[in-house]
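Right, one structure below, let's go through it.
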Number of protein chains: 2
Amino acid sequence: MDLIYYQIEEVAQKTGLTKRALRYYEDMKLVTPIRTDAGYRLYSDDDISEILRIRELRDSLGFSLNSIKESLDLQNTLKEILSQSNGDPIVIKKSIEEVEKQIKLISEKEIALSNVKNKYEVVLKQLVELLQRCE
Amino acid sequence: MDLIYYQIEEVAQKTGLTKRALRYYEDMKLVTPIRTDAGYRLYSDDDISEILRIRELRDSLGFSLNSIKESLDLQNTLKEILSQSNGDPIVIKKSIEEVEKQIKLISEKEIALSNVKNKYEVVLKQLVELLQRCE
DNA sequence: TATAACCTTGACGTTAAGGTTAAGGATGGG
DNA sequence: CCCATCCTTAACCTTAACGTCAAGGTTATA
């Protein structure tokens, strides 16, 4: 079974990004589709799910493309480390620290988010009560 | 007891923003410190906590200053609505919808965040195991 | 009263993340 | 073979969120 590839226009539709953004992401080395002999970009399904993950990080979490790249790079080195079933303990410890730092960062964001959410939920409750008294 | 006011430099230190950013936020009408006769900005403690909230929204959640402004404006109109103990039911219903929309948006972000966090936690666990086997 | 250390408003520069337009090659159908 | 419809790179434009002077007013201190 050979792989299916998509041209840029189709990928744009599938991911909700523009063609310009897809090309820009390639410049940033966030995705690297293969090319036809004529130079056309060909995206695999893996490329597309990668792009969707990037989109989620960008849209939902407001990460910059640079920090997204760092995050993806980190995940790749982690994969490498984990694939070799025994590696340098020093490298592993460093990676653990890195990952813990990321998790901590995310936890902070989670707290900030839930604060904002709580605030809105309090107001929502008050509004609903007010509406009931009005009717 | 009269209020305490701070000049811009001190506010910059207290909030971790630059003076330029503070002036820019005033241009954006995110904060409006009072002025001395000579035109110096004077920030109150309330101004400072407002600025800290803005910072949190910007840093942790990646909101644009525009959407932060919209959010703050919404909260102000909500306060007004809630202060008048009976208002126009139509207005109230609209506000409820607005708030529900915001909460939904935040929930989406929360899910996205926890997905990313989970991914990292799985990797972290694997790394810790790998380290133990190495030692 | 002079001088340093604040503050002010411009005004132009910068970076990220694309939008837009131009000029030209590839490809598929009639 | 030709035309429409894809694709390519290159180059310049745009917006947000400031950074960075520059020129000048204010205030505290020696």
Side-chain angles (χ1 to χ4, degrees), chain A residues 3-44 47-48 50-73 109 112, chain B residues 3-44 47-48 50-73 109 112:
Chain A
L3 290 171
I4 300 166
Y5 288 106
Y6 310 89
Q7 282 186 194
I8 195 165
E9 171 70 53
E10 202 171 348
V11 178
Q13 284 173 18
K14 279 181 191 288
T15 61
L17 295 177
T18 64
K19 291 185 280 185
R20 179 64 172 95
L22 290 171
R23 295 195 184 105
Y24 184 67
Y25 288 4
E26 186 175 1
D27 289 350
M28 298 288 96
K29 293 171 186 175
L30 286 169
V31 253
T32 48
I34 60 170
R35 301 284 188 129
T36 69
D37 291 350
Y40 284 28
R41 291 174 180 79
L42 291 182
Y43 294 84
S44 69
D47 288 333
I48 290 178
E50 192 77 350
I51 292 166
L52 288 174
R53 285 175 51 205
I54 294 170
R55 228 203 100 139
E56 188 172 45
L57 289 170
R58 190 201 62 173
D59 287 2
S60 294
L61 310 177
F63 289 179
S64 70
L65 294 187
N66 257 327
S67 60
I68 290 175
K69 178 156 173 45
E70 280 173 24
S71 171
L72 295 181
D73 288 352
K109 296 203 178 209
Chain B
L3 290 172
I4 300 167
Y5 288 107
Y6 311 89
Q7 282 186 196
I8 194 165
E9 172 69 54
E10 202 170 348
V11 178
Q13 284 173 19
K14 278 179 190 290
T15 61
L17 294 177
T18 64
K19 292 186 278 184
R20 180 66 173 94
L22 290 171
R23 297 195 183 105
Y24 184 68
Y25 288 6
E26 187 175 0
D27 289 349
M28 297 287 98
K29 293 171 185 174
L30 286 169
V31 253
T32 49
I34 60 169
R35 300 288 185 123
T36 69
D37 291 349
Y40 284 27
R41 290 174 180 80
L42 291 180
Y43 294 84
S44 70
D47 287 334
I48 290 179
E50 191 77 352
I51 292 166
L52 288 173
R53 285 173 54 204
I54 292 171
R55 229 203 100 138
E56 187 172 48
L57 289 170
R58 188 202 64 173
D59 288 1
S60 294
L61 311 176
F63 289 177
S64 71
L65 294 187
N66 257 327
S67 60
I68 290 175
K69 179 158 174 39
E70 280 174 25
S71 172
L72 294 181
D73 288 352
K109 295 200 179 209

Taking only the side-chain nitrogens and oxygens of [X], find out if one of them lies under 4.0 Å from OP1 or OP2 of [N].
X      : N       : answer
R41(B) : dT8(C)  : yes
T18(A) : dG19(C) : yes
Y25(A) : dA17(C) : no

I8(B) or R58(A), whichever maps to the more 5' nucleotide of DNA chain C
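Per heavy-atom nearest nucleotide, the more 5' residue is I8(B).
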Taking C-beta and beyond as the side chain, do [X] and [Y] meet within less than 4.5 Å on heavy atoms?
X       : Y       : answer
R58(B)  : Y25(B)  : yes
K14(B)  : I51(B)  : no
I54(A)  : T15(A)  : no
Y5(A)   : T36(A)  : no
K109(B) : K109(A) : no
E50(B)  : L72(B)  : yes
I68(B)  : S71(B)  : no

Got a donor-acceptor pair under 3.5 Å from the side chain of R20(A) to the base of dT20(C)?
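Check passes, donor-acceptor contact within cut-off.
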Is there, by distance only and without an angle test, a donor paired with an acceptor across the side chain of Y40(A) and the base of dG25(C) below 3.5 Å?
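Answer is yes: a donor-acceptor pair is held.
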When all nucleic acid strands are considered with a 4.0 Å heavy-atom cut-off, which category describes R23(B): base, sugar-phosphate, or nothing?
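Here R23(B) touches the bases of the nucleic acid.
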Integer-rounded Å distance: [N] [atom2] and [X] [atom1]:
X      : N       : atom1 : atom2 : result
E9(A)  : dA4(D)  : CD    : C1'   : 15 Å
Y24(A) : dT14(D) : OH    : C1'   : 13 Å
L22(A) : dT8(D)  : CG    : C1'   : 14 Å
Y5(A)  : dC7(D)  : OH    : C1'   : 18 Å
L57(A) : dA17(C) : CG    : C1'   : 16 Å
K19(A) : dT20(C) : NZ    : C1'   : 12 Å
Y43(B) : dC7(C)  : OH    : P     : 10 Å

Heavy-atom closest pair, residues T18(A) and A12(A):
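Smallest interatomic distance, heavy atoms only, reads C-CB, 4.3 Å.
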If you take any heavy atom closer than 4.0 Å to DNA chain D, which residues from residues 63-71 of chain A end up in contact?
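Going residue by residue through residues 63-71 of chain A, none turns out to have a heavy atom under 4.0 Å of DNA chain D.
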Please work out which residues in residues 26-39 of chain A have a non-hydrogen atom less than 4.0 Å from an atom of DNA chain C and list them by number.
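Residues of residues 26-39 of chain A under 4.0 Å from DNA chain C: A38(A).
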5' priority, DNA chain D, between A21(B) and L42(A) [closest heavy atom]
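First, find each residue's nearest nucleotide; the 5'-ward one identifies L42(A).
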Distance-only criterion, 3.5 Å: show the donor-acceptor pairs between side-chain atoms of residues 27-35 of chain B and protein atoms not counting sequence neighbours.
from, atom 1, to, atom 2, distance (Å)
R35(B), NH1, G39(B), O, 2.9
R35(B), NH2, E26(B), OE2, 3.2

Does a salt bridge link E56(A) with R53(A), judged by any charged N lying under 4.0 Å from a carboxylate O?
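No, no charged N to carboxylate O under 4.0 Å.
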